[in-house]
Amino acid sequence: MFHSSKQYWIAVALATCLVLAGVCTFLYQVYTGIGIWGLNSPVFWAFDITNFVFWIGISHAGTLISAILRLANATWRRPVTRCAEAITVFAVTIGAIIPVCHIGRPWLAYYLIPYPSERHIWPNFRSPLAWDFFAIITYLTGSTSFLLLPMIPDWAAVRDCSTGLRKKIYGTLSLGWQGTPRQWHRLETAMHIMSIVIVPVAVSVHTIVSWDFAMTPVPMWHSTIFGPYFVVGAIFSGIAGLILAMALLRKFLHLEDYLRPIHFQNLGKLLLTMSLLWFYFTFAERLTTWYGNDPSEMAVFWSSIRQNFAPMFWTMVVCNFIIPVPILAIKKLRTITGTCIASVGIVIGMWIERFLIIVPALEHKFLPYTYGHYQPTWAEMTLMASSFGLMFLLYLLFAKFVPVISVWEMKAGLHHPSATPHASTVTEVPIRSGFDDNPLPSDV
Amino acid sequence: MRAIYTLCPDPDCAQRVVDTLRVAGLDLGFAADQVVVVSGEPYEGYNFSDRYAKSYMFPLAAVGGLVGGTCGYLLTSLTQKAYPLPTGGMPIVPPWTNGIIVYELTMLGAILTTLIYMFVAAPLPSFGAHVTDPEIWTGKILVGVTDPPESSSAGIEKAFRQAGASEIKRFPAPPASPVTR
């Protein structure tokens with residue numbers, strides 16, 4: 001429908017291949033059974049739950065940051081919010097798909113839903129897995145609304161500035177938005193309420209994900225610090241993911257006038273804060289374990305610090321702390337390139353962190369005769385690669401069909417009393433729909 | 001729907017036109033609610049916009065939260081009482097863990113109520129014909145009168161000019177006159 005560059009279609013094709021590989025692996029897994037994964041007794045959770053926690057963590061980029069910046073009335077947020085909110089919706093969706101793969105019999109996934117079963121099997125509301133269901137449903141509903149509501153006026157703009165099939169499609173998507181003062185006030189009030197509600201929901205979601213572990217008497221899982229530790233880690237990886245997404249959009253959509261160095265610098269400062277917080281929590285967690293010197297916990301502790309998981313552990317520390325802190329602390333290094341390098345490291349480091357929380361603990365439970373060893377298989381790795389492919393594919397399609405910068409919010413920002421000098425230099429806000437090479441008004 | 005409208009370059013001009021039309025409406029035979037303002041971005045601090053600012057969205061969201069929380073409490077506690085699990089002496093209806101589900105459903109209730117209220121009050125979807133102009137997306141503000149009495153067109157145009165608006169348009173746009181050779 002739209003003209004797009006060759007690179008765009010190559011990227012879509014690559015992402016689609018990854019997704020198809022994942023679909024084929026999943027179908028093969030359904031046919032043969034979950035035995036094709038490397039899971040065993042006692043390591044019943046590994047790659048898949050690592051990916052689940054990782055993607056739910058990445059999802060904290062968008063809605064949480066966007067909501068906090070909205071409530072703080074930070075004008076520099078305006079070009080950033082939609083990129084961020086889209087990450088949330090896609091990451092939560094991917095995160096929600098993973099447990100369905102994990103249960104092995106996906107056609108029974110509806111057992112998670114509270115319904116009156118003729119066999120009197122009800123979800124156990126004391127289980128953190130049941131809490132997950134409610135938390136993720138609430139977060140997905142809130143995040144999707146948070147993303148879609150401000151898109152309605154932008155879709156109306158595309159509708160009014162286009163013809164033919166495009167006009168019909170965007171006319172439907174915009175729900176007949178007119179732009180009366182009543183509509184603007186209702187939209188802004190709704191966004192304000194959403195911003196207030198979504199912050200505690202986002203915090204609760206990752207806290208509940210952490211309780212999947214912390215409510216279990218497994219060494220180094222049963223910890224009171226896990227809730228805030230996971231929330232900090234989620235925001236940390238989320239901001240890194242957001243910076244990478246913004247950098248890619250900036251480069252390929254030529255959004256240099258909107259996604260400016262100041263945005264990367266400000267997000268870099270947030271990332272620095274989260275890096276320091278992450279180190280604080282990691283140190284506090286390990287120090288408490290070491291000081292307690294409980295034999296079962298020390299087995300997990302040493303396996304990650306000195307033994308077979310040590311390379312991963314120290315890679316994590318380098319990626320999450322040693323590399324990012326100097327880059328983000330020194331203003332000259334806190335450039336777009338600098339923040340992107342730090343972000344790549346953090347995304348890798350945070351994935352490793354999730355893995356190190358899950359696998360070493362399960363390999364070293366309380367009794368040595370239950371010790372085990374986990375080795376991922378091709379199926380798990382393919383599914384993981386596929387989850388990244390799905391994220392890229394969804395984001396590419398999103399960038400093509402939706403204005404990735406909130407046009408009306410940018411314009412409103414120009415008239416806002418607290419508009420920054422940077423913002424005031426942007427005088428024209430062309431309505432672009434993603435990878436379309438021509439601004440839409442020229443099609444009229 | 002018919003309309004006669006002008007495009008104002010800034011909100012001050014829009015406010016002038018709205019004020020003039022409201023006064024002129026008394027003589028020309030149209031009501032104040034027939035005066036329509038359409039813009040490509042929200043404006044604050046102007047009467048034509050701020051008069052719509054008041055809404056019941058916040059209290060209704062709170063009520064929605066209460067309803068959601070109550071549903072969460074009933075879902076968990078009634079289920080646990082109807083199908084009691086062996087808990088080893090622990091409470092059948094545990095307030096701590098049920099509180100988590102009550103909390104999530106409270107938030108979900110507030111979100112859904114906000115959404116429903118927004119769509120009802122906006123109102124959306126609204127696929128009928130309504131006055132619009134692509135130029136609102138370039139920063140102009142549409143101010144006009146919907147379904148004006150036939151006899152009042154000249155008076156409305158005069159009111160537009162009095163308020164400083166020069167470009168006057170009609171909705172739907174009149175068909176282009178045939179070209180004569």
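Just so we're on the same page: letters track the sequence lines, and every chain starts at 1.
Minimum heavy-atom separation, B/L124 to A/L175: CD2-O, 3.3 Å. Residues B/I111 and A/T138 come closest through the heavy atom pair CD1-O, 4.1 Å. When all heavy atoms of A/H192 and B/F58 are compared, the closest pair comes out as CD2-CZ, 3.4 Å. Residues A/W131 and B/T97 share a closest heavy-atom pair of CZ2-CG2, 3.3 Å. In plain terms, the two heavy atoms of B/H130 and A/G176 that are nearest each other are NE2-O, 3.2 Å. Of all heavy-atom pairs spanning A/H185 and B/Y52, the tightest one is CB-O, 3.8 Å.
Listed options B/A121, B/S55, B/S49, B/G68 were ranked by heavy-atom pairs under 4.5 angstrom with chain A; first place goes to B/S49. Taking chain A as the reference chain and counting heavy-atom pairs below 4.5 Å, the highest number among B/Y117, B/W96, B/F119 is found for B/F119. When the candidates A/S204, A/P181, A/P128 are compared by the number of heavy-atom contacts under 4.5 Å with chain B, A/P181 comes out ahead. Put simply, of B/I136, B/T138, B/V131, the one with the most heavy-atom pairs under 4.5 Å next to chain A is B/V131. Per-residue heavy-atom pair counts under 4.5 Å with chain A were compared for B/G128, B/A61, B/G72, B/G40, and the maximum is reached by B/G40. Chain A forms the most heavy-atom pairs under 4.5 Å with one residue out of B/A82, B/A110, B/P94, and that residue is B/P94. In terms of heavy-atom pairs under 4.5 angstrom with chain A, the leader among B/G139, B/S39, B/G45, B/P11 is B/S39.
The contact between A/L187 and chain B is made by backbone and side chain atoms together, counting heavy-atom distances below 4.5 Å. Only the side chain of B/L112 comes within less than 4.5 Å of a heavy atom in chain A; its backbone stays farther off. For A/Q178, the parts lying under 4.5 angstrom from a heavy atom of chain B are both the backbone and the side chain. Heavy atoms closer than 4.5 Å to chain B are found in both the backbone and the side chain of A/W177. Only the side chain of B/I100 comes within contact range of chain A, judged by heavy atoms closer than 4.5 Å. If you measure heavy-atom distances from B/V37 to chain A, the contacts under 4.5 Å come from both the backbone and the side chain. For chain A, no part of B/T106 is nearby; none of its heavy atoms comes within less than 4.5 Å. At a 4.5 Å heavy-atom cutoff, A/A130 makes no contact with chain B through either its backbone or its side chain. Residue contact with chain A, scored on non-hydrogen atoms closer than 4.5 Å, involves the side chain of B/Y103 exclusively. In this structure, the portions of A/P200 lying under 4.5 Å from any heavy atom of chain B include both its backbone and its side chain.
Between the side chain of B/W137 and the main chain of A/V407, no donor-acceptor pair closer than 3.5 Å is present. Side chain of A/R182 to backbone of B/P123: no donor-acceptor contact under 3.5 angstrom is found.
Expressed to the nearest 0.5 Å, how far CZ of A/F134 lies from OG1 of B/T76 amounts to 8.5 Å. Distance NZ/B/K54 to OG1/A/T189: 13.0 Å, rounded to 0.5 Å. Here B/I101 contributes atom CD1 and A/R126 contributes atom CZ; the two are 10.0 Å apart, rounded to the nearest 0.5 Å. Put simply, CG on A/L140 and CG on B/L108 are 10.5 Å apart, with the number rounded to the nearest 0.5 Å.
Counted within 6.0 Å of CZ on B/F127, heavy atoms from surrounding residues, nucleotides or ligands total more than 12; the atom is thus considered enclosed.
With contacts defined as side-chain heavy-atom distances shorter than 4.5 Å, the pair A/I208/B/E104 qualifies. In this structure, A/E188 and B/E44 have side chains that are in contact, with non-hydrogen atoms separated by less than 4.5 Å.
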